[in-house]
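Just so you know, ligand 1 is whichever comes first in the structure, and atom 1 is the first atom listed for that ligand. Bear in mind that the values here come from a model prediction, so they are computed numbers and not experimental data.
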Amino acid sequence: MHALHVVGARPNFVKMAPLIRALDDHTGIRSTTVHTGQHYDERLSAEVLGDLQLPEPDRFLGVGSGRHGAQTAKVLAAMEDVLLEFTPDVVVVAGDVNSTLGAALAASKLGIRIAHVESGLRSRDWSMPEEINRVLTDRLSDLLFTHSPEAADNLAEEGIRGDRVAYVGNSMIDSLRRYEKEARERRAWETFGVQAERYVLVTLHRPSNVDTPERLAQIVEALGRLAQRCPVVFPVHPRTRARLEASGEPPYVPDLHWVDPMGYLDFLSLQLAATAVVTDSGGVQEETSALGVPCYTLRPNTERPITLTAGTNTLLGDDPASISAIALTRRAGPPPVIPLWDGRAGERMAARLVEPPR
Ligand code: UD1
């Protein structure tokens, strides 16, 4: 059996590495990895791939950046060529980025089975490009790996049920558990002159937060007020950096550290010693929940409600001013235990993938 794994953007690498590794332990299955090139910067791609010890991809498609339609179309066209060349039995895609949908569409049109890692998440916010990508990828998939119980309900509502859905747990947390100790030992916070458990970590890159200059200015102002209460470390995603630079350099604010994006281990290191995290990322809502670090999400909704009910996540809603008023207390006690977020999701996915189709 030949499985072809598609990765394209930073979060894909983190979700796919545990499955690719687990498949190596199965005989009779061959793996090929294709990197679409949606993320190509050293910091967003090579460094993260290196930290996760993923082997060099077999193909790099170099689709690069662009408008959503053009980017998705480039992945579709390039993936079709790759699939005709490799003729895999199954294509594995992960998450909700444009590369995920482009690759799933290419496989579907060639009649190749598709397995989707992280199926069934729904924000019900159709203005998010990721929601479109999730819904359509799930519709195209033959085997849907879910990480929390509500995903099966979401899929059932859309008529996807039964044998195609496998509740396997969260492979992003497999990566976290594997590298947690190493990340702790890195003490990445020292690089930025802040003390463990005495800084707020911020990541914001959603178009809805950063693409409008007025909203971005409100966010910057709220971060400035937050930094008066506690040092802030903000690794700035290229999209956000570009929007900030459009109105001059990121402003100087004492104790607000604008820093470059970083590799997986350094970022994990910063997460685990933060007082709190402010984000609009999906993966960070999950990682902070698994680490027991309070997370404040600058969005009106989340496709990951389990992080609200069982984890450490709080939705801030839509008002950037709320950032400056977050609680600055670490959570006492051990991290929450979320069923099947146990570091073994990759093994469960691999075991199911090698079974004959039902
Ligand atoms: C993408 C995903 C988003 C995910 C995020 C993780 C989609 C629709 N969005 O958003 O769900 O949370 O990745 O990081 O797929 N850029 C660089 N270097 C790179 C890649 C991008 O400078 O290596 C810049 C370019 O200016 C580009 C912009 O970032 O136009 C946006 O990149 P893109 O991949 O289109 O979307 P992300 O915002 O990264």
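- The aromatic rings of His205 and His237 lie parallel to each other, with less than 30° between the two planes, well short of the 60° mark.
- The distance between the ring centers of Phe192 and His257 does not fall below 6.0 angstrom.
- Within ligand 1, the atoms closer than 4.0 Å to a non-hydrogen atom of Gln71 are 34 (O), 35 (O), numbered from 1 in the order shown.
- Between the choices Gln38, Arg134, Arg43, His237, the shortest heavy-atom distance to atom 33 (P) of ligand 1 belongs to Gln38.
- Among Ser281, Ser99, Pro238, the residue whose heavy atom lies closest to atom 22 (O) of ligand 1 is Pro238.
- A heavy-atom distance below 4.5 Å is found between the side chains of Leu328 and Ile326.
- Residue-to-ligand polar distances keep Asn133 apart from ligand 1: every N/O pair is separated by 3.5 Å or more.
- Of the listed options Arg206, His205, Glu131, His205 places a heavy atom closest to atom 5 (C) of ligand 1.
- Applying the side-chain hydrogen bond (donor to acceptor under 3.5 Å, both in side chains) test to Thr314 and every residue at least two apart in sequence or in another chain returns nothing.
- Side chain to side chain, Thr32 and Asp58 fail the donor-acceptor criterion of an N or O pair below 3.5 Å.
- In this structure, Pro11 counts as a contact residue of ligand 1, since one of its heavy atoms falls inside 4.0 Å of the ligand.
- Protein heavy atom at the shortest distance from atom 20 (C) of ligand 1 is His39 CD2, 3.4 Å.
- The distance from ligand 1 to the heavy atoms of His68 drops below 4.0 Å at these ligand atoms: 8 (C).
- The nearest heavy-atom contact from the protein to atom 28 (C) of ligand 1 is Arg239 CB, 4.1 Å.
- At the shortest separation from atom 25 (C) of ligand 1 among protein heavy atoms lies Ser65 OG, 3.3 Å.
- Inspection of the Thr279 and Thr203 side chains reveals an N or O donor paired with an N or O acceptor under 3.5 Å.
- Ionic pairing of Arg243 and Asp211 is present here: one or more N-O contacts between side-chain nitrogen and carboxylate oxygen are shorter than 4.0 angstrom.
- By the side chain to side chain contact (heavy atoms under 4.5 Å, CB included) test, Asp125 pairs with Ser123, Ser127, Met128, Asn301, sequence neighbours left out.
- Any N or O atom pair closer than 3.5 Å counts here, and Glu130 shares at least one such pair with ligand 1.
- At the top of the distance list for atom 2 (C) of ligand 1, counting protein heavy atoms only, stands Val97 CG1, 3.7 Å.
- Numbered from 1 in the order shown, with element, the atoms of ligand 1 that lie under 4.0 Å from a heavy atom of Leu44 read 19 (C), 20 (C), 23 (O).
- The pair Arg161-Glu157 does not count as a salt bridge, with every side-chain nitrogen at least 4.0 angstrom from each carboxylate oxygen.
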